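Reminder, nothing fancy here: chain letters follow the sequence lines and each chain counts from 1. This is a predicted model, so every value here is computed, not measured.
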Amino acid sequence: MTKLAIGINLDRCIGCHTCANACKMQNNVPDGMLWNRVITEGCDAIDGAVGEYPNLTRTYVPLACQHCENPACLKVCPTGATYKDEQGRVEIDYDRCIGCRMCMAACPFNARVFNWEDPQRDGDFNWGDARVPVRTRGVMEKCTLCKERTDAGEEPMCVVCCPTHARVFGDLDDPNSELAQLRATKGKDVHILLEEKGTKPQVFYFDE
Amino acid sequence: MKLSAQSKIGVGVLAAIMVIGFCAYVFQLTQGLCVTGMSNGVSWGLYITCFMFFVGLSAGGLIVASSAHVFGIESFKRVSMPAVITSTVCILCAGAFILIDLGGIQRIWNMFIHLNFTSPLAWDMCVITTYLVINVLDIIWLRRGDERKVKMLSYVALPVAILVHSVTAWIFGLEIAKEGWYSAIMAPIFVASACDSGLALLMVVLAAVRKAGVFDCGSELFANLARLLATFIAVDAFFIGCELLTTAYPGTEGASHVLGIMTSGATAPFFWFEILGGLLIPFVLLASAKRRERTGVVVAASALVMCGVFCKRVWLLFTSFTVTNVYGAPGISSGSTAARGADGFDMWALAGSYMPQPVEFAVVAAVVSFCILGIALLSKKLVAKA
């Protein structure tokens, strides 16, 4: 089996939002939404800090679909539009989506975004990778782990564009991959987002 | 069917509201759900609130009607027809709200060829369809006076009526993502609130058909049903109390946050109205045998119960949408540039917010008008003069 995933080095993330923009450009993501966003954890302002001066900490958490092994969104989809593919990615069949938004309520990470209107784009034209299907109004979308790129053996755009190499892409089921080894060797320094929800995210975070 | 001048005006007004609502829905179809107040943060709104509410109104009616036959409560059989009529019309409204809420109704055929049976929404489609068929058969057989068939049907109808509202509860209660929803008592609460709001609707309908001179169920039965309503209110209050205690007691951070929003935050007015106006006051009103004999008091209490249950749907749905599990700026992207006036940085929100838009109000008003008109016309046509 293949289990594609991304590991994110939180100590390397500088909160530049390049991954968010790279994703938006690659995947033709319309105005008003992002598949990948960078959260300043626990803060009500971007680039804020947690704690009291002088003991302040700041953690950036790049947040997108966690490609869970036990995806809450998949079970609740009434038409099977959301599915787990043979590469271990959670994907959406846009032609099957009826826009009921069950999956949106089910996702603990708020990773999904919906086309509430006809997709609006600055410049009024489609951009990004031509292989990426264009979504219509009334359809759910989210991070595909750059399906079109990873199918062709390329890395996801957020991984390619990260200026600090904070992101590692690979196959968790291949013990020789850098990603699987990081996950195996980092031990306590591996963080799973909302682990208590039991959705078993494949995406993980780690410290240097 | 002859209608008085007054009734004609009433029908005219309701029909006008339905036409306006239909136009609003067509507008929504052409523009997308961006004409509603929903966004990526609060992704279900007034439509789903009304869906829950109407399933409850419907299930309550059928539970009373079928109990009469299952448990052999002779006196209740007299109100079977009005009960099944309210049940049928309300389930049509509930189903309508689900369809109205779909963003991609043009792809609805996927529900038939690719149905995924692990989805509570798939269960809902199956059980609501079954339920509707049972209701229609019930009306036909009650009309023919086929007591044997009605009785047999009632044995199926009672569990299905309970199931239809349980499945509605599971749409929410099985979501681990939402602290305020994920609870085993969600289905019992929904069934209890279906019993009280559904019976309350039936009381209002019975009072109305008596006033209109169509059917008089008799004041003794009316008072008895009012006593049953008081019991249902108490059961509902008990379940809600259990849920609140279980949520509050451990004092976890997530639960405290949810309770804070409910008791003193955005959904607080709805929460307190339900507790006081929807449970406490109507229960006190109906607790005395003397007061139960006064139609005005019973109708007022019933109206309060229905409003209270509606408020319950509101706080249940929206409280959990307000919070995010992974908190941090910039938060959630709205996903809708038109509806939320969200441009540039305004597209972000740290917490979900929602305000129903005119289109939603127009559509809801139309469905409610359909409900009133449907119940009134069917009652006039099918309920025998007594």
Side-chain angles (χ1 to χ4, degrees), chain A residues 30-34 37-48 59-61 63 72-83 93-102 104-118 120 136-140 193-194 196-199, chain B residues 31-36 38-41 43-44 48 98 101-111 113-116 118-125 171-172 174-178 181 320-321 324-340 342-343 347-348 350 352:
Chain A
D31 286 1
M33 57 174 92
L34 287 173
R37 58 207 158 100
V38 182
I39 299 270
T40 313
E41 196 178 38
C43 291
D44 53 12
I46 290 182
D47 301 338
T59 312
Y60 293 112
V61 179
L63 186 60
C73 54
L74 186 150
K75 278 184 231 175
V76 300
C77 176
T79 60
T82 291
Y83 64 100
D93 180 343
Y94 304 118
D95 293 334
R96 276 202 202 179
C97 176
I98 58 168
C100 67
R101 312 186 299 292
M102 262 315 280
M104 203 167 206
C107 172
F109 307 95
N110 291 95
R112 290 173 167 252
V113 289
F114 188 66
N115 286 285
W116 299 95
E117 58 198 348
D118 281 323
Q120 312 271 319
T136 56
R137 187 215 307 155
V139 162
M140 194 63 72
L193 216 50
L194 303 179
E196 72 280 7
K197 299 285 182 194
T199 60
Chain B
Q31 302 297 306
L33 288 172
C34 58
V35 297
T36 71
M38 292 183 276
S39 64
N40 288 339
S43 48
W44 281 334
I48 294 294
I98 279 279
D101 185 66
L102 291 183
I105 196 163
Q106 65 275 29
R107 291 180 293 276
I108 186 84
W109 46 272
N110 284 295
M111 283 293 277
I113 58 170
H114 294 303
L115 195 64
N116 171 23
T118 60
S119 169
L121 213 59
W123 310 342
D124 213 36
M125 188 184 79
I171 290 179
F172 307 92
L174 299 179
E175 306 311 341
I176 197 154
K178 299 280 190 278
W181 294 355
S320 288
F321 272 126
T324 53
N325 293 314
V326 186
Y327 181 79
I332 309 166
S333 63
S334 78
S336 171
T337 54
R340 306 303 301 259
D343 220 357
M347 74 182 241
W348 296 104
L350 280 164

CD (A:Glu41) and CG (A:Leu193) are apart, to the nearest 0.5 Å, by 7.5 Å
Residue selection (most heavy-atom pairs with chain B, distance under 4.5 Å) from A:Ala106, A:Gly80, A:Pro30, A:Ala45:
A:Ala106
Highest number of heavy-atom pairs under 4.5 Å with chain A among B:Gly32, B:Gly41, B:Ser43 belongs to B:Ser43
What distance do A:Thr79 atom OG1 and B:Leu121 atom CG have between them, rounded to the nearest 0.5 Å?
9.5 Å
Relative to chain A, which of B:Ile332, B:Thr118, B:Asn325 shows the most heavy atom pairs under 4.5 Å?
B:Asn325
Checking the side chain of B:Asn40 only, and the main-chain atoms of A:Val113 only, is there a donor and an acceptor separated by less than 3.5 Å?
no
Proximity breakdown for A:Val61 and chain B, heavy-atom pairs closer than 4.5 Å:
neither
Taking every non-hydrogen pair under 4.5 Å, which of A:Arg112, A:Lys197, A:Met102, A:Arg96 racks up the most with chain B?
A:Arg96
Can you say whether A:Tyr60 sits under 4.5 Å from chain B via the side chain, the backbone, both, or neither, judging by heavy atoms?
neither
Let me know if B:Trp123 has heavy atoms under 4.5 Å from chain A in its side chain, its backbone, both or neither.
neither
Greatest number of heavy atom pairs closer than 4.5 Å to chain A - which of B:Gly331, B:Ala177, B:Pro120:
B:Ala177
In Å, rounded to the nearest 0.5 Å, how long is the span from CH2 of B:Trp181 to CZ of B:Phe321?
3.5 Å
Check the pair A:Arg101, B:Asp101 against side-chain contact (heavy atoms from CB on, under 4.5 Å), reporting the backbone distance first and the verdict last.
CA-CA 9 Å; A:Arg101 312 186 299 292; B:Asp101 185 66; 2.7 Å; yes
Under the side-chain contact (heavy atoms from CB on, under 4.5 Å) criterion, do B:Tyr327 and B:Leu350 qualify, and how do the steps go?
CA-CA 7 Å; B:Tyr327 181 79; B:Leu350 280 164; 3.9 Å; yes
Residue part contacting chain B, namely of A:Asp44, when any heavy atom lies under 4.5 Å
both
Under 4.5 Å from a heavy atom of chain B, the part of A:Thr59 involved
neither
Given A:Ala81, A:Ala105, A:Gly48, the one with more heavy-atom pairs under 4.5 angstrom with chain B than any other is A:Ala105
If you count heavy-atom pairs under 4.5 Å between each of A:Leu63, A:Asn115, A:Asp95 and chain B, which one has the most?
A:Asp95
Top residue by heavy-atom pair count (under 4.5 Å) with chain B, among A:Met33, A:Arg137, A:Met140?
A:Arg137
Does any backbone or side-chain atom of A:Cys107 lie under 4.5 Å from a heavy atom of chain B? Answer side chain, backbone, both or neither.
backbone
Count the heavy-atom pairs under 4.5 Å between each of B:Gln31, B:Lys178, B:Met125 and chain A, then report the option with the highest count.
B:Gln31
Heavy-atom distance under 4.5 Å to chain A: side chain of B:Ile171, backbone, both or neither?
both
Where do A:Thr199 and A:Leu194 land on the side-chain contact (heavy atoms from CB on, under 4.5 Å) test, with the steps shown first?
CA-CA 8 Å; A:Thr199 60; A:Leu194 303 179; over 6 Å; no
Nearest 0.5 Å, please: how far is CG in B:Leu33 from OG in B:Ser39?
11.5 Å
OG/B:Ser333 to CZ/A:Phe114 distance, rounded to the nearest 0.5 angstrom?
13.5 Å
Taking the side chain from B:Trp44 and the backbone from A:Cys100, do they hold a donor-acceptor pair closer than 3.5 Å?
yes
If one checks every heavy atom of B:Leu102 against chain A at 4.5 Å, the contacting part turns out to be both
Identify the two heavy atoms, one from A:Ile98 and one from A:Pro78, that lie closest to each other, and give their separation to 0.1 Å.
CD1-CG, 4.2 Å
Contact part of A:Ile46 toward chain B, heavy-atom cut-off under 4.5 Å: side chain, backbone, both or neither?
both
In terms of heavy-atom proximity below 4.5 Å to chain B, should A:Gln120 be classed as side chain, backbone, both, or neither?
side chain
Measuring from atom NE2 of B:His114 to atom CZ of B:Arg107, what distance do you get when rounded to the nearest 0.5 angstrom?
12.5 Å
